[in-house]
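Reviewing the structure listed below.
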Amino acid sequence: MTSFLTMLSVSHLVQPIIVGGVLAFLTANILMNAAVKAMSTTVNGWSTILKCGQPGNGILLRAGCAKILPGTNVAQEAAYWTTVVDGAGRRLNGQHQYVLHFPAGQLPPNDAFWSLAMTDVVGYMVPNPIDRYSVGGRSGLVPNADGSIDINIQRTAPAGHESNWLPAPAGNFKLMLRAYLPGRAVLDGEYHVPPVMKRH
């Protein structure tokens with residue numbers, strides 16, 4: 001009987017601890033997300049945070065940056081943009097075809113290189129028939145006659161434009177654009193990534 005009463009008293013102590021831990025976890029996530037949202041900028045559907053990785057950031061912003069961009073660099077080393085929507089605000093999905101059009105001279109300014117990668121909504125690379133998970137300045141992208149660059153984002157290969165194809169999964173996906181040693185226009189917030197446009 002004594003051991004049963006002891007077990008009951010311990011269970012009454014354990015339940016509030018578990019509830020408190022869950023509430024603390026949820027509260028911390030809400031506060032982290034709010035801190036990141038307050039520091040992020042979204043243009044053309046692309047969101048970026050240029051303050052991640054900076055010394056002196058508060059604990060909530062550091063935690064939030066670590067959650068969305070693990071191992072992030074300071075903006076002077078690398079800038080990151082992410083999107084899960086097209087230019088009209090609709091969810092990116094492999095059932096549609098998209099194009100990311102960079103006008104001539106409007107590729108992400110950098111002193112190293114840039115890349116565009118695709119993942120599922122969780123952040124994992126998605127297998128595809130040509131094992132291509134990103135394209136960028138070192139991918140041999142073929143420019144249009146006017147010097148602009150089109151990146152075709154779709155499930156099936158675009159006939160005659162395979163060199164500029166980033167294969168998409170069947171379902172929802174996320175895009176991440178990176179510029180390493182970004183140019184002054186990026187750091188000053190003057191450069192904006194073009195919207196991802198759905199083909200009709």
Side-chain angles (χ1 to χ4, degrees), residues 40-50 52 69 72-121 123 125-200:
S40 68
T41 303
T42 302
V43 178
N44 295 332
W46 293 91
S47 295
T48 187
I49 305 171
L50 294 176
C52 280
L69 291 169
T72 187
N73 296 300
V74 293
Q76 290 78 9
E77 292 180 3
Y80 308 86
W81 298 264
T82 59
T83 189
V84 292
V85 296
D86 64 18
R90 295 172 299 225
R91 194 74 179 76
L92 294 173
N93 187 282
Q95 300 305 310
H96 306 289
Q97 297 180 351
Y98 304 93
V99 63
L100 179 57
H101 175 78
F102 290 100
Q106 292 299 308
L107 289 171
N110 67 86
D111 291 323
F113 67 96
W114 67 273
S115 69
L116 175 70
M118 179 185 305
T119 67
D120 63 18
V121 291
M125 298 293 182
V126 180
N128 64 75
I130 60 171
D131 292 329
R132 182 181 294 164
Y133 303 99
S134 68
V135 295
R138 299 176 175 177
S139 300
L141 297 173
V142 177
N144 299 317
D146 64 358
S148 63
I149 295 278
D150 287 333
I151 299 175
N152 301 289
I153 303 164
Q154 56 193 67
R155 287 182 67 196
T156 56
H161 300 282
E162 291 85 357
S163 60
N164 292 25
W165 175 36
L166 184 58
N172 293 341
F173 60 87
K174 175 170 59 176
L175 294 172
M176 178 178 281
L177 182 70
R178 300 176 178 93
Y180 293 92
L181 299 181
R184 180 53 52 194
V186 172
L187 298 176
D188 290 345
E190 296 170 3
Y191 177 78
H192 302 304
V193 182
V196 178
M197 302 305 294
K198 178 182 172 185
R199 290 191 188 276
H200 297 289

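These figures come from a predicted structure and were not determined experimentally. Heads up: numbering here begins at 1 and tracks the sequence.
Inter-residue side-chain proximity for Asn164 and Leu141 is flagged as met; some heavy-atom pair is nearer than 4.5 Å. The shortest distance between side-chain heavy atoms of His161 and Asp150 does not fall below 4.5 Å. For the pair Ile130 and Pro167, the minimum side-chain heavy-atom distance is below 4.5 Å. Here the side chains of Leu187 and Gln76 are in contact, with some heavy-atom distance below 4.5 Å. Two residues are said to be in side-chain contact when any heavy atoms from C-beta on lie closer than 4.5 Å; Leu107 and Trp114 meet this criterion. Annotation: side chain of Leu175 is in contact with side chain of Leu166 (closest heavy-atom distance under 4.5 Å). Taking the side chain as every heavy atom from C-beta outward, Pro108 and Phe102 approach each other to under 4.5 Å.
Crowding of His101 atom NE2: a count of heavy atoms from other residues, nucleotides or ligands under 6.0 Å exceeding 12.
Arg155 contributes atom CZ, which lies 10.5 Å from atom CD of Gln97 (distance to the nearest 0.5 angstrom). Atom CE of Met197 is separated from atom CG of Leu100 by 10.5 Å, given to the nearest 0.5 angstrom.
Of all heavy-atom pairs spanning Arg178 and Ala117, the tightest one is NH1-CB, 3.8 Å.
For Arg184, the salt bridge (Lys or Arg N to Asp or Glu O under 4.0 Å) partners at least two apart in sequence or on another chain are Asp188. In terms of the ring-ring contact (aromatic ring centres under 6.0 Å, His included) criterion, Trp46 has no residue partners (sequence neighbours excluded).
Proximity of a side-chain donor or acceptor of Asn144 to a complementary backbone N or O of Asp146 within less than 3.5 Å is not detected.
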